[in-house]
Amino acid sequence: MSFRTQLRSRVFCLAAIAIPFTLFVRADGRCQSILPGPGDSVPAPMIPQPLQVFSQVPLSTPPFGYLRTAQCDDSGTMFFAASTPPRTGVTYLSLSADGQRQTVYPMPKYVDENPWNTLFSVPPDGKLQVLFVLPGQQPPRWISFDKDGKITRVVTLSAPSDIDVRSFAATSDGSLLLLGFYPLTKAHGKDEGNTYTAIFNRNGDLVTRLTPEDAGIQPNGQFAGSPEEPAAVEGDQFFSISSSGKSLEVIATDGSVVRRLPLPAVRPGDQLVGLNISGNLALMTYMNFKATPRSSYLLLNAATGEPYRFFLPPAAVQGSLTCFDSSRGFTFLSGGNGHLSLIQSALP
């Protein structure tokens, strides 16, 4: 399975959930998730709690669709890989927390010519990081921007050129966590189908490769664990979901694993599509096409892994989560009748 094939399949799936003006989401509070209770040896049921609307602000920005999961920085600025029909390309843009300021990030020509071969990461200070990948042709290129949308540097990673990249996270001061796997080709020998997890410095040099998990892709070409491996940055640490989908891993920039937190079970059919870290809280976003509402959000203590609460989106939201902050709460970009609005929900 090539990166292009894999990325297109993931983009198609996420595009269906991320276009804010084509979704209808309601919260009926009927579904349950089995989460471990403090001191319990047997998992106890936790009823998901629908969030309440704290404020709603109409935007003058025309409705747009976006691919993959939106991200945000510490100021609440939201970042999107926008793609609105009939356009076939991808436009990276940011929207301020109040929705009044927009920044478009111009890409190099080789990115514009291969728009689907990109992933992005947003560190806390809001300096956009983009990874350009042409598997089998060249190693990934790491493109960094300043807060005004200008390219500050382009670095080629010293990674195998045929690694299929699933996700990455990058700090603004020059460390990058790359998550991927070796394609199913005999040329890779015992590494065939195994995960590839590595840390690179600001010059693109390999710092260390982490020990691969017993999860990756199976002989049938399907992933053994979660279809996504979301990753995020907080301070000088990376946070990522393991390939098996069973743990939240905290990794230092030198590649050492600081802690590995087991994840509780969620609704049957839930798939991880997003990860937000804010302070000592970790928020995981799930998508479930067999449940109503489709989206749900699991909030954990990022230091201990203890579940805090399990949330559903407000009934008024016709869109998706774009930002989570431990002090400001949840921000949703919602659409309807050809207009966009920002919906805020405070953390209960």
Side-chain angles (χ1 to χ4, degrees), residues 13-38 43-57 65-66 68-72 76 78 80 226-228 230 232 241 245 248 263-302 305-336 340-348:
C13 174
L14 289 179
I17 67 169
I19 298 177
F21 56 90
T22 60
L23 288 181
F24 178 75
V25 183
R26 65 185 177 86
D28 57 14
R30 296 178 184 174
C31 53
Q32 290 186 341
S33 175
I34 304 302
L35 298 175
M46 178 180 285
I47 305 298
Q49 175 183 350
L51 293 163
Q52 303 300 313
V53 174
F54 174 74
S55 66
Q56 184 167 352
V57 179
Y66 53 97
R68 297 179 285 278
T69 304
Q71 299 184 38
C72 69
M78 299 159 283
F80 307 89
S226 172
E228 293 290 322
I241 305 299
L248 173 65
L263 292 178
V266 288
R267 302 179 301 178
D270 274 356
Q271 296 183 352
L272 267 168
V273 296
L275 173 64
N276 295 79
I277 306 296
S278 181
N280 65 342
L281 296 178
L283 183 77
M284 266 140 299
T285 298
Y286 293 88
M287 180 57 55
N288 192 328
F289 289 96
K290 297 182 179 180
T292 302
R294 291 180 174 177
S295 299
S296 58
Y297 315 101
L298 177 62
L299 191 61
L300 304 177
N301 185 309
E306 181 180 2
Y308 175 57
R309 284 183 184 175
F310 187 41
F311 297 106
L312 299 177
V317 168
Q318 299 182 47
S320 58
L321 180 73
T322 58
C323 193
F324 169 76
D325 183 88
S326 57
S327 58
R328 291 186 294 269
F330 300 78
T331 300
F332 299 87
L333 186 62
S334 184
L340 291 178
S341 62
L342 290 177
I343 292 181
Q344 300 281 343
S345 294
L347 184 63

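Source: prediction; values computed, not measured.
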Side chain to side chain contact (heavy atoms under 4.5 Å, CB included) between Leu281 and Asn301, intermediate numbers included: CA-CA 5 Å; Leu281 296 178; Asn301 185 309; 5.5 Å; no
From CA spacing to verdict: side chain to side chain contact (heavy atoms under 4.5 Å, CB included), Leu248, Leu275: CA-CA 10 Å; Leu248 173 65; Leu275 173 64; 4.1 Å; yes
Side chain to side chain contact (heavy atoms under 4.5 Å, CB included) assessment of Met284 paired with Ile241: CA-CA 9 Å; Met284 266 140 299; Ile241 305 299; 3.8 Å; yes
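Scanning both residues, Cys323 and Gly76, for their nearest heavy atoms gives SG-CA, 4.1 Å. Across every non-hydrogen atom of Ile277 and Ala282, the tightest pair is CD1-CB, 3.6 Å. Summarising the geometry of Leu321 relative to Ala70, their closest heavy-atom pair is O-CB, 4.4 Å, with the distance given to 0.1 Å. The two residues Asn288 and Gly269 come nearest to each other via the heavy atoms ND2-C, 3.3 Å. Here the shortest heavy-atom pairing between Tyr308 and Pro348 reads OH-O, 3.1 Å. Across all non-hydrogen atoms, the minimal contact from Ala346 to Phe54 is N-CB, 4.0 Å.
Applying the side chain to side chain contact (heavy atoms under 4.5 Å, CB included) rule to Ser296 yields the partners Arg267, Asp270, Tyr286, Phe310, Leu312; only residues at least two apart in sequence or on another chain are considered. Partners of Thr285 according to the side-chain hydrogen bond (donor to acceptor under 3.5 Å, both in side chains) rule, which considers only residues two or more places apart in sequence or in another chain, do not exist here. For Val53, the side chain to side chain contact (heavy atoms under 4.5 Å, CB included) criterion is met by Pro314, Ala316, Ile343, not counting sequence neighbours. Taking Ser326 as the reference, Ser278 meet the side-chain hydrogen bond (donor to acceptor under 3.5 Å, both in side chains) condition, with sequence neighbours excluded. Remark: Phe330 engages Phe311, Phe324 in a ring-ring contact (aromatic ring centres under 6.0 Å, His included) (not counting sequence neighbours). Evaluation of the side-chain hydrogen bond (donor to acceptor under 3.5 Å, both in side chains) rule for Gln52 yields no partner, not counting sequence neighbours.
For residues 320-331, the pairs satisfying salt bridge (Lys or Arg N to Asp or Glu O under 4.0 Å) are Asp325-Arg328, with sequence neighbours left out.
Proximity of Pro230 to Thr69: side-chain heavy atoms (C-beta onward) are nowhere separated by under 4.5 Å. Annotation: side chain of Leu347 is in contact with side chain of Leu299 (closest heavy-atom distance under 4.5 Å).
A donor-acceptor contact shorter than 3.5 Å is absent between the side chain of Ser341 and the backbone of Gln56. Not one N or O on the side chain of Thr331 forms a donor-acceptor pair closer than 3.5 Å with the backbone of Thr322.
In this structure, Arg68 CZ and Phe80 CZ are separated by 13.5 Å, a value rounded to the nearest 0.5 Å. Between atom NZ of residue Lys290 and atom CD of residue Gln271 there is a gap of 9.5 Å, rounded to the nearest 0.5 Å.
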